[in-house]
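Structure first, then comments.
First listed ligand is number 1; within each ligand, the first listed atom is number 1. Computation of the quantities below employed the complete heavy-atom set of this structure, encompassing side-chain atoms and omitting hydrogens, waters and symmetry-equivalent molecules. The shown structure was predicted, so the numbers you read here are calculated from the model rather than taken from an experiment.
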Amino acid sequence: MDKLIIRGGNRLSGTIPISGAKNSALTLIPCALLTEEPLTLRNLPRLADIDGFQHLMNQFGVTTAVQGSRPEDFGRVMTLEAPRITSNVAPYDLVRKMRASILVLGPLLARTGEATVSLPGGCAIGNRPIDLHLKVLEAFGAEIELAAGYVKAIAPEGGLPGGEYDFPVVSVGATENALMAAVLAKGTSKLFNAAREPEIVDLCKLLVAMGAEIEGIGSSDLAIHGVKRLHGATYRVMADRIEAGSYACAAAITGGDVLLEGARADEMGATLHALRNIGIDVTEEKTGVRVAANGPLKPANLTTAPYPGLATDMQAQLMSLLTVADGTSVLTETIFENRFMHVPELSRMGADISVSGRTAIVKGVKQLTGAAVMATDLRASMSLAIAALAAEGQSEIRRIYHLDRGYERLEEKLQLVGADIERVGDD
Ligand code: UD1
């Protein structure tokens with residue numbers, strides 16, 4: 001297994017191209033199940049999770065063709081075509097590797113009247129149940145059966161009638177499944193307290209480009225008027241706001257000055273607000289967002305929340321940055337109950353962090369030191385890379401398959417701005 005070797009201390013400076021958003025791509029790809037016509041997605045990131053999802057789509061009889069991907073380019077174009085769905089079963093072996101597989105439930109149900117998907121199982125960052133995915137589909141008229149580790153959703157004869165659902169907590173995944181199920185329902189469906197993350201807006205925009213009728217896009221109340229059929233489309237995946245935020249933290253912790261090319265400030269509000277509070281200069285430029293660190297980092301009190309609040313996917317990276325701030329910071333995680341797995345590893349690099357329940361107290365230290373570390377999830381792994389960039393000496397980041405799931409060619413992008421980082425085979 002590969003690992004990353006990072007020798008800290010280099011100030012990052014230059015331009016990092018931001019890739020297409022993983023979390024958006026993983027909900028745009030299953031939209032191909034909703035139409036017989038081709039769906040072409042541009043700016044898809046080259047990531048292990050996208051390859052996995054492509055494989056899952058092939059399982060249902062969807063053909064996929066990838067074009068225009070020179071090795072030196074970031075991103076790629078994929079055309080997916082599903083004239084006929086040959087299977088509506090998502091088997092355990094594919095689902096267990098990728099939680100996002102649950103996102104095929106809504107569109108398969110909408111297109112074929114039935115879908116069987118393996119339960120995704122536990123996850124390192126908490127229990128992550130799918131009860132809300134099932135409840136909203138039930139509210140739209142589906143019958144749900146659970147047996148032998150699988151969930152089966154069945155629509156009545158003639159298709160889903162549609163219905164109304166008020167989410168008790170904001171769920172990104174359940175909102176996505178609901179949208180993809182409702183667009184082909186017979187009637188109008190309404191969602192209240194729906195997630196309104198930019199990735200949900202991206203999904204709505206694609207569905208509208210395919211002929212869906214959705215009101216309230218960008219708000220937490222959505223009305224979806226079902227249509228008989230959707231058509232093909234060509235669509236560009238939004239920029240990855242979490243990748244951009246991660247590199248912003250990397251630049252900041254090294255005292256650097258980096259242009260995040262393609263990043264959209266309007267989709268990164270809470271992260272940029274947090275960075276400014278920490279003392280980072282953030283400027284919106286024509287081609288992206290520039291972050292520059294001039295002077296000491298200030299401590300901050302940060303709490304994750306559904307959008308437009310601070311993304312849980314940014315918590316670990318911001319924590320790394322705050323380990324070297326000039327004072328004590330408090331970070332509270334409200335979305336997942338077990339999302340501080342980076343803390344023991346950051347402590348091994350010299351950080352002073354104590355955790356009590358969902359709150360972490362971070363006392364800034366003068367200097368982190370390099371160490372061999374490993375993490376158990378994607379964003380936690382990125383937080384270790386960020387810390388390593390500022391640490392004295394060499395760090396080794398192991399289990400980088402987590403990073404490969406969510407960061408397109410991380411080491412190449414960091415090399416572009418002067419980081420001393422290399423990928424080596426594990427011994
Ligand atoms: C969540 C994050 C998303 C992030 C992703 C990966 C939020 C609101 N969502 O999305 O920003 O990109 O993780 O880290 O910040 N829940 C249930 N039942 C369900 C579904 C969810 O109780 O059926 C709970 C979850 O346990 C969690 C909360 O709802 O506490 C939000 O989960 P959800 O948004 O569905 O998770 P993801 O879609 O994975």
Under the salt bridge (charged side-chain N to carboxylate O under 4.0 Å, His left out) rule, what do R76 and D51 come out as? Steps first, then yes or no, please. CA-CA 12 Å; R76 57 188 170 179; D51 297 341; 2.7 Å; yes
Under the side chain to side chain contact (heavy atoms under 4.5 Å, CB included) rule, what do L41 and V77 come out as? Steps first, then yes or no, please. CA-CA 6 Å; L41 295 174; V77 180; over 6 Å; no
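Here V172 has heavy atoms under 4.0 Å from ligand 1 in both its backbone and its side chain. Both the backbone and the side chain of L132 come within 4.0 Å of ligand 1, judged by heavy-atom distances. Residue H133 touches ligand 1 through backbone and side chain together, judged by heavy-atom distances below 4.0 Å.
Closest heavy-atom approach to atom 13 (O) of ligand 1 within the set Y307, F336, F167: this belongs to F336. Closest heavy-atom approach to atom 19 (C) of ligand 1 within the set A305, P129, P306: this belongs to P129.
Under a 4.0 Å criterion applied to the non-hydrogen atoms of T312, ligand 1 contributes the atoms 2 (C), 15 (O). Taking a cut-off of under 4.0 Å to the non-hydrogen atoms of G173, the atoms of ligand 1 that pass are 35 (O), 38 (O). Atoms of ligand 1 found under 4.0 Å from any heavy atom of I335 (numbered from 1 in listed order, with element): 7 (C), 15 (O), 27 (C), 30 (O), 31 (C).
For the pair M210 and C31, the tightest heavy-atom approach, listed with the atom from each and the gap, is CE-O, 3.4 Å.
Polar contact check, R241 against ligand 1: no nitrogen or oxygen pair lies under 3.5 Å apart. For a threshold of 3.5 Å applied to N or O pairs, the pair formed by D313 and ligand 1 contains at least one separation below that value.
In summary, the side chains of T323 and D352 do not present any donor paired with an acceptor at a separation below 3.5 Å, with no hydrogens or angles considered. Using modelled atom types, one finds a donor on one side chain and an acceptor on the other under 3.5 Å when comparing T304 with E333.
Residue contact check for ligand 1: R339 places a non-hydrogen atom closer than 4.0 Å to it.
The salt bridge (Lys or Arg N to Asp or Glu O under 4.0 Å) test with E243 is passed by exactly one of R264, R379, R409, K413: K413. Of the residues listed (L26, L47, L44), the one engaging F53 in a side chain to side chain contact (heavy atoms under 4.5 Å, CB included) is L26, and it is the only one.
Side chains of N58 and T64 form a contact here, defined as non-hydrogen atoms less than 4.5 Å apart.
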